[in-house]
Each structure stands twice: as structure tokens, then as C-alpha cells.
Amino acid sequence: MKAARIPAGPKAREWARRNGFSDWMVARLVRLTDDPAGLLEGLKARPPRYLRANPLRSDVDEVRKRLVARGFELARTDLDSNVLRITHAPISPGATHEHLLGMTMMQDLSSVSAPIALDARPGETVVDLAAAPGVKTLHVAADMDNQGALVAVEPDPDRMRALRFNLERTGVANALLRLGPGEEVPGTGWADRILLDAPCTGEGTIPKDRKRRRGRIEEIDALCRVQSSLIDAADRVLRPGGTLVYATCTFAPEENEAQVQRLVTRGYEVEPLPFDACGGVPLMHGVTEWPGLELDPALDRARRFLPGIHPTLGFFVAKLRKPEAGP
Amino acid sequence: MIRTATNDEAKQVVRFFEGVESGLSVAVFADQELAIVERDDAHIVVLVSPALLHLPEPLLAEADHGGLRIGTMEDGVFALDLQGAVRMSAHTRRQTVRVSEQATRVFLYGKPILGDSVKSFDPRLNPGDVCIVSNPRWEAIGLGEVMGRFKGDRPAVRAVHDLGTYLRDQDRD
């Protein structure tokens with residue numbers, strides 16, 4: 001699959017030049033949203049910071065009380081009652097005693113959407129197919145109340161160490177960690193639910209990573225190949241009737257809707273998500289029209305978080321159900 | 001790989017906790033099972049959900065890690081690790097040296113605790129013993145070795161392993 005090369009108009013080129021973005025990226029983002037100015041300004045702004053209280057260690061009220069006593073100022077969010085927005089931090093939130101005690105995990109608000117969509121239950125068998133550094137793995141493990149089995153897969157040894165540290169610090173006991181490519185997870189049809197937060201070009205993280213403003217469009221093509229092979233692995237491992245949540249932190253429809261479309265073609269159903277807004281602003285629906293792609297209308301049920309429009313980094317999430325086995 | 005603990009390994013671990021306080025092993029294990037992760041010649045003792053050990057065999061055989069690490073088997077004897085201490089501290093105050101908030105900050109940088117900073121301690125601890133170091137709330141912040149006694153008969157403690165490792169050592173195995 002090749003990413004759509006959309007010509008940049010003079011205004012887009014000028015904006016890109018002034019702000020250090022690639023022309024092609026700005027042209028695609030302008031095409032993607034109804035509010036391109038809001039999104040483009042959001043990509044330049046400093047992103048809000050959040051932490052999530054770890055239910056395996058404490059509860060959000062206790063975490064809040066302890067951090068407020070240390071001088072933090074924290075606000076509730078509408079997407080997840082365990083997530084607190086950090087409006088003032090006297091020290092790094094990742095260096096507090098509460099963090100070392102495993103009571104908190106630093107994460108963007110948008111990223112909680114994937115575990116919420118997955119809705120893992122105690123006693124199930126769940127796979128996190130691209131797990132490091134373990135932020136969503138912890139969320140899923142806590143949803144499972146440390147019961148059942150959660151297979152966390154990570155191909156990179158350095159990132160695996162971070163995953164191990166984070167899950168140990170936060171008290172996770174139901175996870176098996178597998179070092180290796182997600183494509184090589186053995187077996188067929190044994191997982192009840194799979195979370196695939198796929199490797200991606202990370203356009204949604206531009207607010208905290210300036211160098212991504214100058215990405216190359218060929219990177220989308222390369223990542224699409226990785227995403228496709230991981231989706232194939234997820235399809236193999238998931239049991240009939242099981243749930244797959246596909247997510248990325250990028251905007252490109254080739255990396256998002258087009259990947260989900262591959263499963264829709266195999267009979268998967270795109271399911272409604274249990275949330276529709278963030279920060280009081282409706283989330284962007286999945287796109288069903290994009291140059292070079294044929295997309296099912298059901299992809300409208302996917303959702304995007306957009307910096308500048310939502311108080312988050314960029315994120316895409318879709319929930320799918322695998323068809324039951326035939327007669 | 002990850003596997004169920006052998007009877008001998010399980011006995012060693014149970015003996016350790018029961019040696020601290022009767023009934024402690026049941027409290028620490030809760031509804032989880034003992035298992036062993038074998039990696040790089042180490043035998044890591046972990047607590048796991050029972051279902052984890054029923055995953056397909058190739059996943060168990062090829063696992064990098066699994067469950068919550070509470071210690072290691074060294075020459076057939078159980079040695080407590082950080083999260084084992086965290087689990088223990090929720091159920092007992094034995095073998096524990098509780099220190100001030102300020103000393104907690106110092107200890108989390110791997111620095112020793114001096115007698116002045118100790119708020120309370122298990123009087124059965126002797127120089128050379130391994131102890132749990134806790135903050136004023138009785139939450140374990142690491143493991144130490146009792147070095148000697150100072151003012152008011154309070155122990156001084158050398159840091160052996162502290163929770164600050166989760167910040168300092170992510171790039172080390």
C-alpha cells in the first residue's frame with residue numbers, strides 16, 4: 001500500500017515552511033479534518049500531562065490526596081475516572097514516591113481509549129501484541145483484576161526491560177512477557193481479546209516530539225507493511241467471536257482505516273465504542289473516503305483524538321469482533 | 001521459560017515467609033500461585049495468576065518473564081526481592097525498619113539510613129540481618145542490611161535494593 005500523495009496548496013506550503021513541517025504532511029492533515037487550523041495549531045502546542053491511578057495498588061482518591069499534599073494540582077477527566085490531568089507539578093510526576101510505589105502511570109488521556117474499548121474481564125485470555133512500555137498492558141491487567149492470563153509481546157530487548165520494570169513496579173501478576181515479533185506468537189484461536197496498538201509513524205505525538213514534523217511519506221508505506229503483518233497475526237491468534245482493538249498514535253488513514261478494512265473484508269464487524277467525546281468535544285469519526293482507499297461505511301465507528309481539538313495527543317482506535325466459526 | 005515451582009522450591013519459599021510470621025505465606029500468595037522464571041541462569045520466583053500457567057505450552061517455554069517477581073532461588077534457598085517485600089509489608093511489621101519521610105527520600109537514592117531517621121523497628125533485628133525498609137505509612141520502599149546500632153538502640157541500615165531502581169536502572173538488566 002502506498003500513502004496518498006496529496007498536493008499541497010500555497011497556503012499549506014507556507015504554513016509548513018513557517019512551522020518546520022513537511023509539505024506533504026500538512027496537505028494530508030488539511031484533507032483529513034473539518035478543522036485543519038485547530039489541528040495544525042494543536043500540533044505546535046505543548047500537550048497536557050496526565051497520570052493514571054493504578055487500581056492494583058490504590059484508588060484515584062488516595063492517589064490524588066497524596067499528590068496534592070506534595071504540591072500537585074490535579075483535575076478529573078471525562079474519559080476515565082482513574083486519569084487525572086496534571087495542571088501543576090512541583091517535581092516530575094514520574095519521580096514521586098507514589099510512582100515508585102506503583103500507584104501511578106504516566107500516560108496520555110487518549111491512550112486509555114484502547115483498553116477501555118478492549119473491555120478485558122477477569123479470567124479471560126488476552127494478548128497485548130505491541131506492549132512496551134506497558135502503559136496499556138497495566139490498564140488491561142487491572143481491568144482483569146490480575147486474574148486470567150495476559151500475554152504481552154515486545155520485539156525490542158531494551159523496550160522489554162522497560163515493560164518488565166513497569167509491570168513489576170505496578171504489581172502485575174497475570175502477565176506473561178514474550179520477547180519477539182508479534183508475527184511469531186504461536187498457535188491459533190486461543191485468545192479471547194487482542195489489543196494491537198501498532199507501531200506507527202507517530203504523527204499524533206508531534207506535540208511532544210518536534211522531529212516528527214519532518215517525517216518522510218515513505219515511512220507510512222513501510223509501517224503499513226508492519227501493521228498488516230501484525231493484523232494477520234492477531235487474526236490468527238484470536239478465537240472466533242473474539243474482540244480485537246486496533247489503535248495507533250498516528251493520523252494516516254493508510255495506517256488506520258485501511259488496516260481495519262483488511263479485517264472487515266474477512267468478515268469482522270466494526271463495533272461502536274463506549275465513548276464518543278473527550279474534554280467535552282465529540283471525537284472525530286473514522287474516515288470512509290480517502291484517496292486510493294476503498295473503505296467500508298462501518299469504519300465510521302472508529303474514532304480519532306486530535307491535538308488542538310481534544311486535550312490530548314493524536315490517537316486512533318477501532319473495535320472489531322471476529323466472526324463466529326462457520327457451521 | 002516459566003514453569004510451576006517444584007515442591008522443594010515451594011517449600012523453601014513457604015519456609016521463608018512462615019519463618020517471619022505464621023500464616024504470612026498464605027497472606028502474601030493470596031489467590032496466586034508460585035512459579036519459576038528461568039532466564040540467564042537465574043531462577044526467579046514469581047507469583048502468577050493460576051490461568052497464566054495454562055497458556056499454550058510454547059508460550060510458557062519461550063517466555064521472557066511472567067508474573068510478579070518476589071525473589072530468587074540462590075543455591076536452593078529463597079532470597080526476597082523488592083516486590084516480595086512490598087507484598088510482605090502489607091501483612092506484617094516484622095523484620096521491618098520504618099523510617100522518616102526525609103530518610104525515605106534519601107533511601108530511594110540508594111543511600112544508607114542512620115539511626116536518627118528510624119521511627120520504629122523490629123527489635124529482633126540484629127546486625128547483618130536483611131530487613132524491609134518502610135516509609136512512615138509502613139509501605140515497603142526497599143530492602144536493607146542492618147549495619148549496627150546507634151542512638152536509642154535504633155539500627156543503621158545499608159541499602160541493598162530500593163524502589164528507586166525503577167527510575168535509575170531501566171537500562172540495566
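Each chain gets a letter, A, B and so on, in the order its sequence line appears, and its residues count up from 1.
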Worksheet item: Considering only heavy atoms, which portion of B:Leu60 lies under 4.5 Å from any heavy atom of chain A: side chain, backbone, both, or neither?
Response: both
Practice prompt. Pick one of side chain, backbone, both or neither for B:Leu59, based on which atoms fall under 4.5 Å of a heavy atom in chain A.
Written response: both
Worksheet entry | Greatest number of heavy atom pairs closer than 4.5 Å to chain A - which of B:Arg69, B:His54, B:Gln83 | B:Gln83
Worksheet item: What pair of heavy atoms forms the shortest contact from B:Ala63 to B:Ile2, and how long is it?
Response: CB-CG2, 4.0 Å
Practice prompt. Examine the side chains of A:Asp108 and A:Ser110 and answer whether a donor and an acceptor come within less than 3.5 Å of each other.
Written response: yes
Practice prompt. Pick one of side chain, backbone, both or neither for B:Val86, based on which atoms fall under 4.5 Å of a heavy atom in chain A.
Written response: side chain
Worksheet entry | Parallel, tilted or perpendicular, as decided by the 30° and 60° cut-offs, for the rings of B:Phe17 and B:Phe78 | tilted
Worksheet item: Considering only heavy atoms, which portion of B:Asn135 lies under 4.5 Å from any heavy atom of chain A: side chain, backbone, both, or neither?
Response: side chain
Worksheet item: A:Met160 versus chain B, heavy atoms under 4.5 Å apart: side chain, backbone, both or neither?
Response: side chain
Worksheet item: Between the side chains of A:Gln147 and B:Ser49, does any donor sit under 3.5 Å from an acceptor?
Response: no
Worksheet item: chain A: which of B:Ala90, B:Pro50, B:Gly66 shares the most heavy-atom pairs with it under 4.5 Å?
Response: B:Gly66
Worksheet item: Which atom pair, heavy atoms only, marks the closest approach of A:Arg49 to A:Ala89?
Response: NH2-CB, 3.5 Å
Worksheet item: With a 4.5 angstrom heavy-atom cut-off, which part of A:Ala95 approaches chain B: side chain, backbone, both or neither?
Response: both
Worksheet entry | Interchain contact, B:Leu52 with chain A, by part (heavy-atom threshold 4.5 Å) | both
Discussion item. Please identify which of these residues, A:Arg64, A:Lys65, A:Arg70, A:Arg52, meets the salt bridge (charged side-chain N to carboxylate O under 4.0 Å, His left out) condition with A:Glu98.
Written reply: A:Arg70
Fill in: Check ion pair A:Arg178-B:Asp64 (N to O, under 4.0 angstrom)
no
Worksheet item: So which of B:Leu68, B:Ile141, B:Thr104 has the biggest tally of heavy-atom pairs under 4.5 Å with chain A?
Response: B:Leu68
Discussion item. Under 4.5 Å from any heavy atom of chain B, what part of A:Arg57 do you find: side chain, backbone, both or neither?
Written reply: side chain
Discussion item. Between B:Asp81 and B:His161, is there a side-chain donor-acceptor contact under 3.5 Å, judged purely by atom types and distance?
Written reply: yes
